[in-house]
K.L.:
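This is the structure I have questions about; it appears just below.
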Amino acid sequence: MRRFLPLPALLLGLAIANVAPMAAQSSGGLIGRVTDASTGEPIAGVEVRLDSNRVIARTDRSGEYRFRALPAGYHTLAVTWPGYRPATRDSVLVRAGEIVRADIRLAPTAVQLQDLVAVGVQDPILDPLATQTVQRISAEDFRRLPVSSLEDAIALQAGVVGESFRGGRVGQQAFILDGLGVKNQLDASTNGVGIRIPPDLITEAQIITNGYSARFGQALSGLVNVTTRDGGDEWTGRLAYETDRPMSGTADLGLDRLVGVVDGPLFGRVTAVGVVDLSARLDFDAVNAPSAVDPRDPRFETPRPLPHNSGETWTAAGKITIPAGERVITRFFGLMSTEQQYLYDQRFKYEPDYGPGRRVDGSLFSAHLQLLPGSGTGTPIVGDLRIGRFAREFTRGAVATPDYTFGAFTGSRFDIRGQDLARSQDTTAAKNPVPGFTPTELTDRSPWGVPAFFLGGASTGEISWNEFSELRAQLDLMIGLGSGADLYVGGLYAGQDVKTFQRIEAALPVGGAIPPATASNFSPTITGAYAEAQARAADLGFTIGVRYDGFDPGGDLNNATVGARSTINPRAAVSTVLAGATVVGSVGRFSQPPDLQYLVDAAFDDSTRTGRFRQGNPDLGFEQGTQFELSGRIRLRENSNLRINIYTKNLDGLVATAPIGVNPDSSRFVNADVGSVIGGEFIFERERANGWGARLAMVVQRAEGTVTDAFTLSRLIRIDPNTGDTLPPPAKAQFPLDFDQRLAVIAAFDGEIPADRGPRILGVRPFSELLASAVFRYGTGLPYSRTDITGDSLVSEPNGSRLPAQWTVDALLRRPLRLGMFQGGLYIDVRNITNRRNVQAVRRDTGNPDPSEAYLNTIAEQAYQANPQTIPFESPRYRRFADTNADGRIAGRDELFPLYLSAARDYSQALFVYGPPRQIRFGMELIF
Amino acid sequence: MTACRPLAASVALAALLVAGCSHSDPGVTGLDTSDGPLDPASPSRLTYSPITDAWPGYSPDGDHLVYTFERGGSPDRCLGVLPGGGGQRVAEVCPEVRPAREGIEHGAVSPDGTQLAYTLHTGGTSDNFTVVTAALYVAPIDSVSGARKIFDLLVNPSGAPRRWDYLLDPVWIADDEIAFIGAQVSYVPPAPFADPDTIYTGIDLATVRIGGSTPVIDVIANISNAQALSYDPTVQRFTYLRDGAVYTIARGGSEQLAFTLPDAPGESGRGITGVAAGGGRIWITWITSMAIGTTTTRTTSSVSEVGAGGALVTLASRTREVGALGVISDQGRWGRLTAAGDGSRLAVEGLGGPTGSDIYLISLP
């Protein structure tokens, strides 16, 4: 069934649509009025130059000038005009999605008045046109807070739990980079976007969680909007190295990170910026698990680092900015990142070279052509044409740990077994045992020797690969409608390519218990169009928009030809100022296409609590959500403000797996689940002034939803095996969603000692300019479901139990240093400073991280019964300590079973249910 | 310029961190494994499996000792490789699927200790194993998945004078050359209505060179009834047992009688059961029987070195006494021998008795 809107309807929709906030963009606006300082009269025709003449605007008859679509960040404003003294201002901060006002009073040269300028900036807290709930991460935050990545910084924002925004599922957010939408549409619910933005490239990042602009789609719960910086007018650079090498023992997680960034003018007005960010850690996914209880377990004395658990990320990015004339700017951006990681697998604890590994390669190349408005008095129009190609390749399989070249850096790409077969997608060849693979064996290298639990000799034979690429074209127009209104219109078209391949037990031929390899190759398309208007009348602001989203899976999938589908999503906001506070009410309808992985057959776990083998459903429709929010912002004092957001969100059509008939092993993806979130956010900020700032955010929230799980939990929704129709449950009972964190508190403080303060020791003030910051995070426990010992049957309501609360304290100390033309600094960054052992998961049968003794005895008994044979002295499985009668044989239950029990306890010890341990990193940087 | 000092110090610190501080090494600590025999007293028992351990064979340098062991369920035979002085297996080759339809036997470790030669027999069910195919293979000692077939048995290999049903006692005589006894197999019922015994009859002493793209077989001698082949690199001669006597032969030379047991008065019987050579020395296992009184027969099995002039220096002995009412005592007997090429080590099968079939290390004087 084709669901595309007919073109006339689309055009009509665009025609009747109005307004949209500038918010959620990578750029902001700068407006102001140039007046004669002596008379107060406006000066018309004055050239206002920005950033060394890179952009020039001219005042109109009322003295007003306007720069639209400026990259967020600091800009230099300069005005020269005959008869007046030149005026400049170095650091005008333009924030994405906001219009900053800078009025300029020019002093006549014949008049002895104070030099120039009074610059007034629109207060972003009280600006009634800022209708979005935006939390900002500035470049300064990256320097002053204990964060080292964009992900770290996002985690400090209210409403963010891991990769969940406001209680939604993972993958319900979209990523915007310099105005270009980037989303891993293939498997966003289970994997990240695949590219890493070096913090040194970021001017500002925003987390937007309410009725964001109709300009953006492919998201239900939020946006991550990142603006990268342009190159400057002078060559500058930064080199940094951080490590935990001075630590020893378990405190040494094997970290090394190298960062280099340089930017400056290439020629003329063309500038460039380039960043290389390389990091590696021997314990990439470090956990604060207790030591093993058995002295023979290698984790008894050395709980960290885990073997085969290292990882590295390589990122290189660059940007070239080419102004052409006064009205056209072209930007070329490129970013490539690779993250490869050895994955610790308890089964391969004693033969880690057969453990799995994964690699994610991501790249983004884009071109941005920006047309700025002319200096005339006509209707100002800003046009942005963006074309970008985003690609992401994921590979997982067995990979042997190589010799490291430096720290945890390998210096090469992982050679993941079977990756060439996967890329060829040759399912016919994959029917046979794949060359190079052999069946696994129960290893003889554990301290217990017995053939149980621990594998070795070969990998499990898993080959998992997918590739997602997208070529996206996006046109955005901003049309000024006088001084009080703006109109935004635009659209996008994205052609995507999806390829997947999966094979398990590659050492064995397909057949019997070995399922065939799965592969898919299809080319979906995504279309979008929007119109949005923003208007202001006195203290009242309106934002009204509508967005059209289309999605076509493309081609035949699972032997079914399906058509395109579409949605219309209106969004609106109204804001005003009441008693000194800005109050905003917003409502929006949002939609996102389902993960493309759900369109094809699949067999892996994901956050929707499903697993095993599932039938793809090419006819899946959009997942949708509606959010209402009422927010208030008030400035308590000059440098402090309070924001309160009350919101409710209804989710509908979420992808779930429903059993076909009554067979749980035959299931299908359907748009079956619904959910709701209600919550409040309270954010107090003491903006940085006089060397210090603070922020306190508290979130109270309840997130619930239906739970459709074909395999273990609550089979409330089924599919009629005859008609294929979804059979709804008798009642839409809702249970806590996975990221239903009821209370979260985040407090951050940073302060800096002035340069001329602090005790002087031997002619030096060692504490002057010392920067200190601390972040405290607290969150109540997330829900989980209790099951019986088999894990197949619930013993209470879905997500009816709660994990313990978690909290951490992070801290940063930074001391700048100078040497001639060079500046530098030293810093110590400590995460989880109290080494708090946070429990992030538990066993569903016990409610604790550890298994019960009954469970251990059960699996030990099963293992013993499977291999009760005598172990003679010459066998590699022989352990002298277990040969209690010293007859050269470990024989009989009395000698063998204790080994099986120890092996069961070793194998079942909880590791990744704990959060990270204390991490201390020492850093040094050189700025030139 | 006091402010310079911290920066200079920081640069120095960075260099120091990288150069002087290494990260902790993630990995698995050592296991509680044993090196050397459980009991070093000679003869030192090397294997304790309750099932059969047999066919010991030293590598030329004596660093590895390969033997055949069973996991239970004939013909589920594997090869194990022990350190030359005993300890726990450093490598093993077993049939991949159980119940096995394969038998892996007659192992030999190459001079450099990196390769393993063996025969692989495939047949019907494990309950009724009839050899269908058989071949000589060579594989890396640590990865039999890289095995390559050298030539098939049960057919007439290229360069061979006749069909060999079986291949006995392979031994590496160079990095790329393996010597063996090509044998025929017959199945002879020991008595009417009894299951037939498998009789191996050596017919050819041959070598195969495996360095080229195709194997080259070289028949050194046509020797009927030969068994227990060993090669002494010190004197570059093959030693074997034939018709109750020990013979040696050099490539291109003729067979020479090396040793035969003299008659001994009072004994009811005696015979050589195994032979090995290395370092210019020869050892044998042999057995004697004599009556003790009127109703008891004592059988003594010995491991002895053949000394100058044929004098025997006994290194270990086992006895078995059988009376009128049955077995009185049984220490078992000694079976096949193997010696390191330089004569530094000697291992022997211990058969029967209370411990079954196991491998022992004999201390040499």
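The model shown is predicted, which means the values in this text are computed figures rather than measured ones. Letters A, B, ... mirror the listed sequences (proteins, then strands); counts begin at 1.
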K.L.:
Are there over 12 heavy-atom neighbours, none belonging to F928(A), within less than 6.0 Å of that residue's CZ?
P.N.:
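For F928(A), atom CZ is crowded (more than 12 foreign heavy atoms under 6.0 Å).
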K.L.:
Please classify the contact of L82(B) with chain A as side chain, backbone, both or neither, using a heavy-atom distance under 4.5 Å.
P.N.:
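The side chain, not the backbone.
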K.L.:
Identify which part of N309(A) has an atom lying under 4.5 Å from any heavy atom of chain B, answering side chain, backbone, both or neither.
P.N.:
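Contact with chain B involves no heavy atom of N309(A) at all.
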K.L.:
Could you look at L255(A) and say if it's the side chain, the backbone, both or neither that has a heavy atom under 4.5 Å from chain B?
P.N.:
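Backbone of L255(A) only, per the 4.5 Å heavy-atom cut-off to chain B.
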K.L.:
Can you name the closest pair of heavy atoms from S49(B) and P872(A) and give their distance?
P.N.:
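Scanning both residues, the minimum pair turns out to be N-CB, 3.4 Å.
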K.L.:
Within this structure, what is the CG-CG distance for the pair D887(A) and L38(B), rounded to the nearest 0.5 Å?
P.N.:
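The distance works out to 8.5 Å.
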K.L.:
Can you name the side-chain contact (heavy atoms from CB on, under 4.5 Å) partners of R238(A), sequence neighbours left out?
P.N.:
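R238(A): side-chain contact (heavy atoms from CB on, under 4.5 Å) contacts with D200(A), A240(A), V259(A), V261(A), E925(A), I927(A).
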K.L.:
Heavy atoms, side chains only, cut-off 4.5 Å: are E874(A) and Y67(B) in contact?
P.N.:
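Side chain of E874(A) against side chain of Y67(B), heavy atoms only: contact under 4.5 Å found.
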K.L.:
Got a sec: does the CZ of R417(A) have more than 12 other heavy atoms crowding it under 6.0 Å?
P.N.:
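Count not over threshold, so no.
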K.L.:
Would a 4.5 Å heavy-atom cut-off, applied to side chains only, mark Y48(B) and I890(A) as touching?
P.N.:
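Not touching, per the 4.5 Å side-chain cut-off.
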K.L.:
Among all residues two or more places apart in sequence or in another chain, which pass the side-chain contact (heavy atoms from CB on, under 4.5 Å) test with A91(B)?
P.N.:
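If we apply the side-chain contact (heavy atoms from CB on, under 4.5 Å) test to A91(B), skipping adjacent residues, the hits are V81(B), I141(B).
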K.L.:
Side chain, backbone, both or neither: which part of T870(A) has a heavy atom under 4.5 Å from chain B?
P.N.:
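Contact with chain B: side chain only.
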K.L.:
Rounded at 0.5 Å granularity, tell me how far CZ in F873(A) sits from CG in D358(B).
P.N.:
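Taking CZ in F873(A) and CG in D358(B), the distance rounds to 12.0 Å.
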K.L.:
If I measure from the heavy atoms of chain A, does D53(B) come under 4.5 Å with its side chain, its backbone, both, or neither?
P.N.:
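D53(B) touches chain A through side-chain heavy atoms alone.
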K.L.:
Tell me, do Q88(B) and S875(A) make a side-chain contact under 4.5 Å, heavy atoms counted?
P.N.:
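Q88(B) does not reach S875(A) side chain to side chain.
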K.L.:
Any side-chain heavy atom of D444(A) within less than 4.5 Å of one from R89(B)?
P.N.:
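Side chain of D444(A) against side chain of R89(B), heavy atoms only: no contact under 4.5 Å found.
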K.L.:
Is there a side-chain contact between H23(B) and D256(A) in this structure, where contact means two heavy atoms from C-beta onward sitting under 4.5 Å apart?
P.N.:
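Yes, at least one pair of side-chain atoms sits under 4.5 Å.
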